[in-house]
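As the structure is a computational prediction, the values presented were derived from the model and not from experiment. Note on naming: letters A, B, ... go to the chains in the order of the sequence lines (proteins, then strands), and numbering restarts at 1 for each one.
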2 protein chains.
Amino acid sequence: MVVETELTDDEVDRIFRALADATRRDIVRRTLTAQPSISELAEYYAMSFAAVQKHVVVLEKADLITKRTQGRTTLVTANPVAIARAKGLLDKYEQLWHSRVTQLDSLLAQESP
Amino acid sequence: MVVETELTDDEVDRIFRALADATRRDIVRRTLTAQPSISELAEYYAMSFAAVQKHVVVLEKADLITKRTQGRTTLVTANPVAIARAKGLLDKYEQLWHSRVTQLDSLLAQESP
DNA sequence: GTAACGTACAACCAAATGGTTGTAGAAACT
DNA sequence: AGTTTCTACAACCATTTGGTTGTACGTTAC
C-alpha cells in the first residue's frame with residue numbers, strides 16, 4: 001500500500017529544507033528510537049540550547065517531529081508518516097524515470113517491427 | 001537489492017537542499033523523461049534565463065542532474081541514481097523507526113514472561 | 001519561599017539563497 | 001562577415017538561514 005501524498009509545494013519545500021541539515025537529520029534519527037527532551041538533545045551538539053531549539057522548530061513546522069510537553073520538559077518524537085511522504089515523492093520521480101524507459105522501449109519496438 | 005549510500009553529510013545536505021525548491025523539483029521531473037536544453041527549460045518558468053541556469057547549477061552540484069553540451073546548447077538529464085540514494089536515506093530512517101517498535105515489543109515480552 | 005532547571009522567544013549578526021541585469025564568448029544561420 | 005542564439009558568469013540586492021546572547025516564565029526541588 002502506497003502512502004497518500006497530497007502535499008503542497010510549500011509543505012514539500014519545508015520537508016526537504018528541514019532534512020538539508022546534518023544536525024536536524026541527527027535529531028530526526030534520535031527521536032525515531034527515543035523521545036528525548038530538547039535539553040537532552042542539546043547535549044549532543046556543539047551549539048547553544050537556543051540553536052537546537054530552533055532546529056526543533058524547523059522540524060516541527062515540516063511536521064517531521066511533534067513536541068509533547070511533559071511537566072517542565074518538552075519531549076520530541078519523530079513523525080515517520082512525514083518521512084514516508086517524502087519517500088513517496090521520490091518514488092514518484094523514480095516511476096517517472098521508469099516510464100521514460102518503457103516509452104523508449106515501445107519506441108524501439110515500433111522502429112523494428 | 002539496496003542502493004549503496006556512502007554519502008557525506010555535505011553531499012546529503014546538497015541533495016535535500018536542491019530538492020527543497022519547487023522549480024528545481026520541476027526541472028528534475030522534466031529531465032527524467034526528456035533531455036531539454038536550459039533555454040527550453042527556462043520557457044516554463046516565470047523567471048529569467050539566468051535564474052533557471054543557476055537552479056540547474058544547484059542540481060548539478062547535488063548530482064541530481066548532469067549536463068551534456070550539444071553544439072551550442074546544453075542538454076540536461078536527471079540522474080536517477082542520486083534520487084535512489086536520497087530515498088535510501090529515508091529508508092534508513094524508516095528502518096530505525098521499525099527497530100524501535102521491535103525493541104518495544106521485546107521489552108514488553110520481557111516484562112510479561 | 002527561593003533557587004535551579006527547562007523552555008520560549010526576541011534581537012542581533014554573518015553568510016547563504018534566489019532573484020535580477022549586464023557582459024562576453026562560442027556555435028549556428030543567412 | 002555579420003547576426004542571432006545559447007550559455008556562462010560576474011555583480012548586485014532583498015530575504016532567509018543558522019548561529020549567538022539575553023530575558024522572561026512556568027515547573028520542580030530544597
Side-chain angles (χ1 to χ4, degrees), chain A residues 8-31 34-78 86, chain B residues 8-31 34-78 86:
Chain A
T8 66
D9 278 349
D10 281 348
E11 286 169 330
V12 180
D13 285 4
R14 277 193 290 270
I15 291 174
F16 283 131
R17 188 116 213 13
L19 289 172
D21 179 283
T23 301
R24 288 197 290 262
R25 285 194 300 276
D26 196 68
I27 291 175
V28 169
R29 252 178 260 127
R30 291 182 187 279
T31 56
Q35 298 181 42
S37 67
I38 302 180
S39 56
E40 280 170 352
L41 280 173
E43 291 170 10
Y44 294 113
Y45 312 111
M47 64 185 72
S48 67
F49 169 84
V52 175
Q53 199 220 338
K54 279 167 76 171
H55 281 309
V56 170
V57 169
V58 171
L59 289 166
E60 190 186 21
K61 288 193 174 157
D63 203 31
L64 282 164
I65 58 106
T66 57
K67 295 193 295 190
R68 182 166 59 93
T69 108
Q70 178 87 276
R72 70 179 160 186
T73 72
T74 300
L75 303 184
V76 182
T77 315
Chain B
T8 67
D9 277 349
D10 281 348
E11 288 169 329
V12 180
D13 284 5
R14 277 193 289 271
I15 291 173
F16 283 131
R17 189 102 207 28
L19 291 172
D21 180 283
T23 302
R24 287 197 291 262
R25 285 193 300 276
D26 197 67
I27 291 175
V28 169
R29 250 178 262 129
R30 291 182 187 278
T31 56
Q35 298 181 45
S37 67
I38 302 182
S39 55
E40 281 169 351
L41 280 173
E43 292 171 8
Y44 293 112
Y45 312 111
M47 64 185 72
S48 67
F49 169 84
V52 174
Q53 199 222 339
K54 278 168 75 171
H55 281 308
V56 170
V57 169
V58 171
L59 289 166
E60 190 186 21
K61 290 194 173 155
D63 203 32
L64 282 164
I65 59 106
T66 57
K67 294 193 295 188
R68 183 167 59 93
T69 109
Q70 179 87 274
R72 72 179 157 181
T73 71
T74 299
L75 304 185
V76 182
T77 316

Fill in: Atom of B:F49, atom of B:I38 and distance for their closest heavy-atom approach
CE1-CG2, 3.6 Å
Fill in: salt bridge (Lys or Arg N to Asp or Glu O under 4.0 Å): pairs with one or both residues in residues 18-28 of chain B, sequence neighbours excluded
A:D9-B:R25, A:D13-B:R25, B:D26-B:R29, B:D26-B:R30
Fill in: Atom pair distance, as rounded to whole Å: CD in B:Q53 and C1' in C:dG19
13 Å
Worksheet item: Taking OP1 and OP2 of D:dT7, is either one under 4.0 Å from a side-chain nitrogen or oxygen of B:S39?
Response: yes
Worksheet, complete the sentence: Once base and sugar-phosphate atoms are separated, protein heavy atoms under 4.0 Å mark nucleotides 23-30 of chain C, 5' to 3', with B, S and - as ----BS--
Worksheet item: So, is B:T74 close to the D:dA8 phosphate, meaning a side-chain N or O under 4.0 Å from OP1 or OP2?
Response: yes
Fill in: Gap between atoms CD and C1', on B:E43 and D:dC6 respectively (whole Å)
12 Å
Worksheet item: Which atom names give the shortest non-hydrogen contact between A:V52 and A:Y45, and what distance separates them?
Response: CG2-CD1, 4.0 Å
Worksheet item: When A:E60 is tested against each of A:K54, A:R68, A:K67 for salt bridge (charged side-chain N to carboxylate O under 4.0 Å, His left out), which residue passes?
Response: A:K67
Worksheet, complete the sentence: Expected string for nucleotides 16-24 of chain D under the B/S/- scheme (protein heavy atoms, under 4.0 Å, primed atoms plus P, OP1, OP2 as sugar-phosphate) is -SBBBB---
Discussion item. I need the minimum non-hydrogen distance between A:A86 and A:I15, along with the two atoms involved.
Written reply: CB-CG2, 3.9 Å
Fill in: Length of the CZ-P vector between A:R68 and C:dT7, whole Å
13 Å
Discussion item. Show, in sequence, the C-alpha distance, side-chain angles and deciding distance for B:Q35 and B:Q70, and conclude whether the side chain to side chain contact (heavy atoms under 4.5 Å, CB included) test is met.
Written reply: CA-CA 11 Å; B:Q35 298 181 45; B:Q70 179 87 274; over 6 Å; no
Item to complete: Run the numbers on B:T23 and B:M47 for side chain to side chain contact (heavy atoms under 4.5 Å, CB included), then give the verdict.
Response: CA-CA 10 Å; B:T23 302; B:M47 64 185 72; 3.6 Å; yes
Worksheet entry | Interatomic distance where CG belongs to B:L75 and P belongs to D:dA8 [whole Å] | 11 Å
Item to complete: Round to a whole Å and report the spacing from NZ of A:K67 to C1' of C:dT7.
Response: 8 Å
Practice prompt. Could you check B:V58, B:L19, B:I27 and say which one makes a side chain to side chain contact (heavy atoms under 4.5 Å, CB included) with B:L64?
Written response: B:L19
